[in-house]
Amino acid sequence: MAPELLEARPKAERRVGLPDLEDAVEGKVVLRFAPNPNGPLSFGHARGLVINGAYAERYKGTLILRFDDTDTVVKPPMPEAYDTIQQETEWLLGRPADRVIIASDRIDVYHEHATSMIEQGFGYVCTCSAEAFREFRVTQTECPCRGKSTDEHTTRWQGMLGGAYKPGEAVVRVKTGMDQRNPALRDWPALRLQDTVTNPHPRPEVGSKHQVWPLLDFQSAIEDHLQGVTHIIRGKDLMDSTRKQTLLYEHFGWTYPNTMYWGRVKVHEWGGFSTSAMRKDIESGRYEGWSDPRLPTLSALARRGIQPSALRAFWLELAITQKDISVPLSSLFSHNTKAVDSTAPRLAFVRDAVRMPLTGAPDEATLVRYPDQPDKDPRRHDLTTGHVWIEEEDASMASFRLKDLVDVDRHEDTLIAGAIERQDQRPIVHWTVDASKDATLVLAEDDMLHEISGRLEPHDFPAGTVVQLERIGYAILLEDGRLLMAHE
RNA sequence: GCUUGCGUGGUGUAGUGGCCCAUCAUAAAGGAUUCUCAUUCCUUUGACCCGGGUUCAAAUCCCGGCGCGAGCACCA
């Protein structure tokens with residue numbers, strides 16, 4: 001036998017990163033990320049942006065940012081969110097979306113498709129109550145409206161558009177069949193009425209202009225087709241949406257995009273995240289705003305010093321599986337540590353600082369700012385006041401070393417300087433000079449904000465700089481002069 | 001209830017019939033380097049939900065069970 005036949009087939013390469021997209025042609029891939037602008041983006045949204053964005057980049061395709069703002073009552077849009085979300089997209093991906101679509105600008109387009117659907121007989125206007133239809137759905141019986149003529153439905157549809165019905169009195173349904181095995185798919189609702197006089201759309205250019213609004217499954221389905229979306233990647237809670245929409249596509253004679261799903265993600269420390277719930281808690285004053293560091297919003301993470309690259313690495317690592325997962329925040333933090341460690345200037349923050357006389361020490365100290373580049377921008381401090389600040393806890397030790405300065409022995413409440421060079425294994429502590437300032441370190445933990453007071457080493461870094469507080473962890477300088485802890 | 005999806009170390013993830021006594025990351029423990037309890041490096045611990053079946057061979061296919069999730073809104 002030929003020896004090559006006995007050889008094991010070549011070892012398959014371990015896949016790293018995202019799997020290939022099915023039927024993806026370079027330059028032709030069109031993806032979309034479609035949030036509801038009822039608030040700024042949160043941690044969970046980042047997944048949609050990162051994954052879709054990464055594929056768009058890999059295939060030199062198009063990333064669409066689509067605002068699915070078709071509800072003015074239950075989840076009304078937040079006017080500022082349209083801008084905020086675009087800025088956050090750019091922050092996270094390092095570039096803006098290739099195309100931006102606002103659903104509320106395109107209501108007429110959806111109306112046209114509804115008209116066509118009704119005229120072609122696969123859509124109808126149903127005047128049954130929601131409760132009544134629920135009963136028809138479980139018993140798999142056709143509602144009285146369904147069998148009426150196309151002309152009748154066209155008339156009803158014109159009636160809907162013309163204000164002949166009040167919200168709740170009529171809805172447009174897609175004829176999928178009441179005998180569908182999956183109850184979720186049975187003649188699903190495509191458009192409904194909203195009282196936009198009482199609840200106007202927050203965008204002034206839309207306001208009370210329309211009363212007939214598409215529901216997500218319809219709006220999204222039509223828009224995906226019109227925009228030429230080739231691949232949809234979304235949560236598996238939308239699996240039935242795919243099935244509903246596929247039935248609609250069959251009616252229209254369209255081909256449904258390739259679809260992938262991911263499961264639910266929970267963060268140990270946060271639990272789930274709901275934009276509406278956060279909005280309530282902010283309005284009630286429980287949180288300071290959308291960027292309150294306790295909140296799982298992108299703006300809060302950014303404010304806290306989390307780098308977009310860390311967020312990208314985090315979501316890319318989770319990849320796309322349909323498992324429901326729960327991840328610890330430490331996983332995100334370890335990515336962030338890698339992102340900021342070499343560039344974060346070292347600074348001393350002395351908690352519960354005590355001021356102690358120091359005798360016999362040099363007049364000046366020089367400390368390393370960046371361990372990776374020991375000569376870059378060294379920290380020089382004047383010690384001629386003869387005092388240093390150290391942490392209360394460290395002050396209880398009889399002998400220790402002031403980092404980068406000198407060995408000391410404590411006699412009563414005075415520190416006596418000894419060897420300049422390190423002589424023994426005594427513990428090393430961080431410290432600061434009299435020129436330091438009182439400072440506050442803010443910590444977000446367990447849905448609480450804690451403040452630790454101390455002395456911060458003199459520096460001239462601007463707000464927004466991510467620093468590493470020696471022996472404590474990474475923090476960011478806030479506009480008000482306080483420090484916000486990012487993570488250890 | 002109907003429908004639908006998922007189950008690999010503590011946490012994530014790779015793996016689509018032999019490369020797997022299972023990959024990588026993270027966490028934990030130990031150690032080295034380091035004038036930070038950081039970074040970097042090394043080592044160790046640790047997993048295929050259960051039961052059958054198909055096959056020479058199963059984490060991978062089939063059946064059953066168990067567990068967890070989602071949809072069945074005139075929300076997204």
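In the text below, chain A, chain B and the rest are named by the order of the sequence lines, each starting its count at 1.
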Assign [X] to base, sugar-phosphate, or nothing according to its heavy-atom contacts below 4.0 angstrom with the strands shown.
X: A:Asp404; result: base
X: A:Pro189; result: sugar-phosphate
X: A:Ser220; result: nothing
X: A:Gly263; result: nothing
X: A:Ser326; result: sugar-phosphate
X: A:Arg181; result: sugar-phosphate
X: A:Ser241; result: nothing
X: A:Ile320; result: nothing
X: A:Phe133; result: nothing

Please measure how far the [atom1] atom in [N] lies from the corresponding atom in [M], and state the result in whole Å.
N: B:rG10; M: B:rC35; atom1: P; result: 38 Å
N: B:rU36; M: B:rU44; atom1: P; result: 27 Å
N: B:rC62; M: B:rG5; atom1: P; result: 13 Å
N: B:rA59; M: B:rG9; atom1: P; result: 15 Å

Spacing between [X] atom [atom1] and [N] atom [atom2], to the nearest angstrom:
X: A:Ile390; N: B:rC35; atom1: CD1; atom2: P; answer: 21 Å
X: A:Leu185; N: B:rG71; atom1: CG; atom2: C1'; answer: 9 Å
X: A:His335; N: B:rU39; atom1: NE2; atom2: P; answer: 14 Å
X: A:His430; N: B:rU39; atom1: NE2; atom2: P; answer: 16 Å
X: A:Gln373; N: B:rU39; atom1: CD; atom2: P; answer: 18 Å
X: A:Asn336; N: B:rA27; atom1: CG; atom2: P; answer: 13 Å

Should the side chain of [X] and the base of [N] be counted as holding a donor-acceptor pair, with the cut-off at 3.5 Å?
X: A:Lys75; N: B:rC75; value: yes
X: A:Gln180; N: B:rU3; value: no
X: A:Arg422; N: B:rC35; value: no

Name the orientation class of the two ring planes belonging to A:His487 and A:Tyr474 (parallel below 30°, tilted from 30 to 60°, perpendicular beyond 60°).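 Tilted: the ring planes of A:His487 and A:Tyr474 meet at 30° to 60°.
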Using a cut-off of strictly less than 4.0 Å, decide whether A:Thr337 has a side-chain nitrogen or oxygen near OP1 or OP2 of B:rA38.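 No, A:Thr337 has no side-chain N/O under 4.0 Å of OP1/OP2 on B:rA38.
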Can you find a side chain N or O atom of A:Thr321 that sits less than 4.0 Å from OP1 or OP2 on B:rU13?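 So the side-chain polar atoms of A:Thr321 do come within 4.0 Å of the phosphate oxygens OP1 or OP2 of B:rU13, strictly under.
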Cation-pi, A:Phe133 ring and A:Arg173 (6.0 angstrom, 45 degrees): yes
Approximate separation, where rounding is to 0.5 Å, of A:Leu443 CG and A:His450 NE2: 7.0 Å
I'd like to know whether CD of A:Gln140 has more than 12 heavy-atom contacts from other residues, nucleotides or ligands below 6.0 angstrom. yes
Identify the two heavy atoms, one from A:Leu441 and one from A:Ala475, that lie closest to each other, and give their separation to 0.1 Å. CD1-CB, 4.2 Å
Side chain to side chain contact (heavy atoms under 4.5 Å, CB included) assessment of A:Asp71 paired with A:Arg192: CA-CA 10 Å; A:Asp71 184 282; A:Arg192 85 316 203 170; 3.0 Å; yes
What stem regions, each of at least 3 consecutive Watson-Crick or G-U pairs below 3.5 Å, can be found for RNA chain B?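 RNA chain B forms these stems: B:1-7 with B:66-72, B:10-12 with B:24-26, B:28-32 with B:40-44, B:49-53 with B:61-65.
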Are A:Arg66 and A:Asp68 within salt-bridge range, i.e. N to O under 4.0 Å? yes
A:Lys323 vs A:Arg346, nearer the 5' end of RNA chain B by closest nucleotide: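 Going by which nucleotide is closer to the 5' end, it is A:Lys323.
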